[in-house]
2 protein chains.
Amino acid sequence: MVRQPSVAAQHREPLTRDRIIEAALHIVDGQGLGRLTMRRLGDALEVEAMAIYHHLPRGKEELLDGLVAHVAVLPAEARSADWRAALRSWADAYRARLLAHAGVLPLLVTRRNPAALSGTTASLREILRQAGLPEQSAADGAHALLGYVIGHAALEVRDTAAAEESVDWHARFSAGLALILRGLPT
Amino acid sequence: MVRQPSVAAQHREPLTRDRIIEAALHIVDGQGLGRLTMRRLGDALEVEAMAIYHHLPRGKEELLDGLVAHVAVLPAEARSADWRAALRSWADAYRARLLAHAGVLPLLVTRRNPAALSGTTASLREILRQAGLPEQSAADGAHALLGYVIGHAALEVRDTAAAEESVDWHARFSAGLALILRGLPT
DNA sequence: ACCTGAACACCGTTCAAGT
DNA sequence: ACCTGAACACCGTTCAAGT
């Protein structure tokens, strides 16, 4: 089974920032963060590792920043009806995204790409503000929500590895989330 | 200023697991996780890097596991009087420890050393159980607390780097914590 | 403009050798 | 038992060179 060599191999998909970051995410999801190297990433893209630097001048730093942005940016949508329901469905989606890309979690917990979370945080704050909370409480609540979701996802990833007794993690996550949502004044 | 060479330099402090891990933590706190290398750690201990393997056979893996244990293990003490106050003071102490060793945070968010958090989690669960919560709610609450503290610390470390407007992080942390504690039924 | 190939400084780790 | 020194395979990155 020889792969078609052909002249077409010469004009392959052009290398782009997005293609590079997607390929990197694929490696991290499949093999773990530790196996993401510039050389392996080059192989996956059928290109020499050094070609990547042309599209990401800051090199691996910029690559990891891109991964963080790709995973962490997920603003909450304000449905007019029930703001608690809106926050619940955002939290479920965010948790799912973090678990799907658990290898990126350690990067999210670094000083790396500090602006990556600001859009998401702002969307939470805005929902709480529209729900009638004063500015300060809305800001505090937004951080409580985001912090809880990230922290809980981290615990899930860890304890899933420990493989202790079987736990309904989604139920546990929802229970903790309910504590916070209940505490937020109407 | 020449440091005493002397014959005493030959019998220096013997290398131990604890000394190694403390030196590693010192490097991480002072220079960041990325600069913790076996060779640099050897230099700090005035020993060849390869000597470390004699005390940590699993090498760098075991070293990082040791850092996680050193930072993450901090059980809550049950004061009989007010369980909410006990949890608050544990949370403050845990947050302070995570912020003091922010470089270790990314390691805490990995599959690494899965047992490291179990003692701390158990202590929280026990306090909630003694406060009268049913088994399940106590377990859920313990995870909510630990998840929130870890996640919020991660946000603080990130946003402190971003250096946006000045924020009273301790007040914000306490506000979020209060939401959870208020939600936990008596 | 976009990619390659060789080179450099650095990693974690193995292994035989010293004491 | 404890540590050293040389070696190996692998990193990220620079830079001159190709097209």
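So that the names make sense, note that chain A is the first sequence line, chain B the second, and so on, each numbered from 1.
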A.B. asks: Base, sugar-phosphate or nothing for A/M50? Non-hydrogen atoms, less than 4.0 Å.
C.D. replies: base

A.B. asks: Starting at atom CD of A/E61, determine the distance to atom C1' of D/dT14, rounded to an integer number of angstrom.
C.D. replies: 17 Å

A.B. asks: When the distance from CG of B/L64 to C1' of C/dG12 is rounded to whole Å, what number comes out?
C.D. replies: 12 Å

A.B. asks: Which of these passes side chain to side chain donor-acceptor pair (under 3.5 Å) with A/R17: A/E22, A/H55, A/E62?
C.D. replies: A/E62

A.B. asks: Is it true that, when you exclude B/Q130 itself, more than 12 heavy atoms of the residues, nucleotides or ligands shown sit nearer than 6.0 Å to its CD?
C.D. replies: yes

A.B. asks: What is the separation between atom CG on A/D43 and atom P on C/dT4, rounded to the nearest whole Å?
C.D. replies: 11 Å

A.B. asks: Within the distance-only criterion (no hydrogens, no angle test), does the side chain of B/Y148 pair as donor or acceptor with the backbone N or O of A/L145 below 3.5 angstrom?
C.D. replies: no

A.B. asks: Expressed as a whole number of angstroms, how long is the span from A/Y53:OH to D/dA16:C1'?
C.D. replies: 17 Å

A.B. asks: From CD1 of A/I52 over to P of D/dC11, roughly how many Å is that when rounded to an integer?
C.D. replies: 12 Å

A.B. asks: Whole angstrom is fine here: how far is it from CZ in A/R39 over to P in D/dC11?
C.D. replies: 7 Å

A.B. asks: May I ask you to decide whether B/E156 forms a salt bridge with B/R95, counting only side-chain N to carboxylate O separations under 4.0 Å?
C.D. replies: yes

A.B. asks: Is the distance from OP1 or OP2 of C/dA1 to the nearest side-chain N or O of A/H55 less than 4.0 Å?
C.D. replies: no

A.B. asks: For A/E48 and D/dG12, what is the distance between atoms CD and P respectively, to the nearest whole Å?
C.D. replies: 14 Å

A.B. asks: So with a 6.0 Å cut-off around NE2 of A/H70, is the heavy-atom count from everything else above 12?
C.D. replies: no

A.B. asks: Looking only at side-chain N and O atoms, does B/R40 come under 4.0 Å of OP1 or OP2 in C/dC11?
C.D. replies: yes

A.B. asks: In whole angstrom, what separates A/M38's CE from C/dC8's P?
C.D. replies: 21 Å

A.B. asks: Using Watson-Crick pairs (N1 to N3, plus N6-O4 or O6-N4) and G-U wobble pairs, both distances under 3.5 Å, which stems of at least 3 pairs involve DNA chain C?
C.D. replies: C:4-8 with D:12-16, C:12-16 with D:4-8

A.B. asks: Heavy atoms only, 4.0 Å cut-off, all strands: where does B/R35 land among base, sugar-phosphate and nothing?
C.D. replies: nothing

